[in-house]
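Hydrogens, waters and symmetry mates play no part in the numbers below; they use all other heavy atoms, side chains included. Computed from a prediction, not measured in an experiment: that's the story for all the values here.
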Amino acid sequence: MATRYLGHSALSSCVESVKCRLFATIVVASVLITPLAGETAPAPARRVVYVRDAATLTARPEPLLRLVDARAITDVAPYGLGPLLATRAGRTAAAAWIDELHAHGARVIIPIAGRDRLRALDALRAEHPATYVDALVTELEFWNRRDDRSRAFEDAMQLIAEMRAWARGTSRKVDVGAYLGYPTRAEAARLAGAIDFAYLNYSVASPARAWTSQRARYALFAGTRVALWPIFYATGEVDMRDALDAGGVGGAEAAFTADQRRDAAAAPAGFVYFTLEAMPGFH
């Protein structure tokens with residue numbers, strides 16, 4: 001994620017303070033998420049939630065698992081894995097947490113900001129061969145590198161190629177995707193041949209503007225095999241927190257899909273939320 005959205009570059013190196021801890025937030029969220037059955041539109045097949053502090057999740061997984069059991073969320077994308085993956089004990093804890101998420105039916109998506117994360121995953125795989133991940137997603141924001149964007153884009157494509165090579169070394173299918181801001185048509189064409197999915201960012205305060213902010217980027221990938229996921233931000237310089245609080249995730253998703261259908265565009269594969277800690281609740 002872009003740094004202004006408290007993304008990977010800001011979070012992965014962060015040592016979380018008390019107010020960033022997940023326990024209280026997830027307990028509150030687990031209560032608010034329960035009324036999903038009353039949504040006015042069917043829940044999407046999948047919801048991805050970014051979380052900020054993997055270490056806290058591994059130490060206290062039960063609240064998150066309740067959300068997974070309720071199908072309020074289906075996929076977990078954890079930041080803060082670096083310290084865990086740096087030691088054998090940490091990798092053991094991470095493997096146990098990933099295994100438990102899988103046992104409850106969740107998918108695990110690993111954000112990849114650089115080759116060092118792939119090497120850390122190599123160590124995890126060597127020590128815990130039965131543990132697997134479901135997808136890798138890049139976090140290189142080449143579109144923000146105005147002075148050397150072309151070089152940054154090539155770096156991103158190289159990282160995607162290395163992610164694909166890592167995925168081929170596993171015994172299970174591992175999808176490879178990219179978090180994307182604003183690719184050009186030429187960049188999108190190259191990405192479409194290299195990735196399975198894209199998480200598309202945008203910064204709007206209302207679901208009523210969500211599809212219009214996405215339409216042009218959806219068009220860039222029209223007719224390709226790339227599955228597209230819009231990101232709903234609950235934190236950032238511009239975010240949808242108040243709207244999510246008022247109408248719930250069901251309302252936000254219904255507004256987006258209604259607008260998308262009017263344009264006869266392909267439906268999103270699911271929705272991404274950033275971050276769980278900032279969510280006022282799923283209701």
Side-chain angles (χ1 to χ4, degrees), residues 1-2 7-9 11-13 46 48 50 54 75-88 90-92 94-95 97-99 101-102 106-145 148-181 183-184 186-201 220-221 224-229 231 269-270 272:
M1 301 297 170
H8 189 288
S9 55
L11 290 174
S12 62
S13 62
R46 288 171 54 197
V48 178
Y50 276 89
D75 299 45
V76 178
Y79 283 129
L81 279 177
L84 281 173
L85 296 179
T87 67
R88 182 178 290 271
R91 291 189 291 272
T92 296
W97 175 62
I98 291 170
D99 293 346
L101 281 170
H102 283 140
R107 300 176 81 251
V108 179
I109 296 93
I110 305 298
I112 305 293
R115 296 168 183 82
D116 57 335
R117 186 54 44 87
L118 292 175
R119 302 293 75 80
L121 289 176
D122 283 338
L124 180 73
R125 183 165 57 185
E127 294 166 8
H128 303 278
T131 297
Y132 63 95
V133 301
D134 300 278
L136 308 174
V137 59
T138 64
E139 298 287 318
L140 285 185
E141 299 169 7
F142 61 84
W143 58 93
N144 284 329
R145 298 266 293 275
D148 60 348
R149 177 172 177 146
S150 61
R151 178 176 178 179
F153 178 72
E154 294 303 329
D155 288 344
M157 292 299 296
Q158 179 60 36
L159 181 59
I160 289 169
E162 293 185 31
M163 290 161 59
R164 184 69 72 184
W166 189 93
R168 285 195 295 267
T170 68
S171 59
R172 291 173 173 263
K173 184 179 186 297
V174 177
D175 292 326
V176 172
Y179 158 68
L180 290 179
T184 64
E187 289 166 349
R190 288 185 60 190
L191 285 162
I195 60 176
D196 302 305
F197 66 93
Y199 294 163
L200 301 178
N201 83 345
L220 291 176
F221 292 97
T224 73
R225 63 181 182 85
V226 178
L228 301 177
W229 301 66
I231 304 174
V272 184

Electrostatic pair Arg145-Asp148, nearest N-O below 4.0 angstrom: yes
For Ala188 against Phe221, the heavy-atom pair lying closest together: O-CE2, 3.7 Å
Flag the pair Tyr179 / Glu141 as yes when at least one side-chain heavy-atom distance between them is below 4.5 Å, and no otherwise. yes
If the threshold is 4.0 Å, N to carboxylate O, is there a salt bridge linking Arg117 and Asp122? no
Count the heavy atoms of every other residue, nucleotide or ligand shown that sit under 6.0 Å from CZ of Arg172, and state whether that count exceeds 12. no
Minimum heavy-atom distance Gly181-Asn201, with the two atoms named: CA-OD1, 3.2 Å
Validation row: Phe142, Arg151 side chains within 4.5 angstrom (heavy atoms): no
What distance do Ile195 atom CD1 and Ile160 atom CD1 have between them, rounded to the nearest 0.5 Å? 6.0 Å
In short, Ala54 meets Leu81 closest at the heavy-atom pair CB-CD2, 3.7 Å
Regarding Glu162 and Gln158, do their side chains bring together a donor and an acceptor under 3.5 Å, going by distance alone? yes
Please say whether the positively charged group of Arg125, taken as NZ for Lys or CZ for Arg, lies over the ring of Trp166, i.e. under 6.0 angstrom from the six-membered ring centre and within 45 degrees of the axis. yes
What I'd like to find out is whether the side chain of Leu136 reaches to under 4.5 Å of the side chain of Val174, using heavy atoms alone. yes
Exam field: side chain Asp175 to backbone Asp196, donor-acceptor pair closer than 3.5 Å: no
Taking C-beta and beyond as the side chain, do Met157 and Glu187 meet within less than 4.5 Å on heavy atoms? no
More than 12 heavy atoms of other residues, nucleotides or ligands under 6.0 Å from CZ of Arg149: yes or no? yes
Trp97 to Pro78 - nearest heavy-atom pair and separation: CH2-CB, 3.6 Å
Go through the steps for Val137 and Val176 under the test side chain to side chain contact (heavy atoms under 4.5 Å, CB included), then give the verdict. CA-CA 6 Å; Val137 59; Val176 172; over 6 Å; no
Considering all heavy atoms of both residues, which atom of Ala194 and which atom of Arg225 are nearest to each other, and what is their separation? C-NH2, 4.3 Å
With rounding to the nearest 0.5 Å, note down the distance linking CZ in Arg91 to CG in Leu124. 7.5 Å
If I take atom OH from residue Tyr199 and atom OH from residue Tyr50, how far apart are they, to the nearest 0.5 angstrom? 6.0 Å
Do Asp134 and His102 meet the criterion of a side-chain donor-acceptor pair at a distance under 3.5 Å? yes
Quick one: do Thr92 and Thr87 satisfy side chain to side chain contact (heavy atoms under 4.5 Å, CB included)? Show the steps, please. CA-CA 9 Å; Thr92 296; Thr87 67; over 6 Å; no
Report the C-alpha distance between Ile110 and Leu121 in whole Å, list the side-chain angles of each, state the deciding distance to 0.1 Å, and finish with yes or no for side chain to side chain contact (heavy atoms under 4.5 Å, CB included). CA-CA 9 Å; Ile110 305 298; Leu121 289 176; 4.1 Å; yes
Nearest-0.5 Å distance, OG of residue Ser171 to OH of residue Tyr132: 10.0 Å
Out of curiosity, Thr184 OG1 to Trp143 CH2, how far, rounded to the nearest 0.5 Å? 12.5 Å
The reported gap from CE in Met163 to CD1 in Ile112 (rounded to nearest 0.5 angstrom) is 5.5 Å
Shortest non-hydrogen contact from Leu140 toward Ala156: CD1-CA, 3.8 Å
Exactly one of Leu191, Leu228, Ile231, Val226 should register a side-chain contact (heavy atoms from CB on, under 4.5 Å) with Leu180. Which one does? Leu191
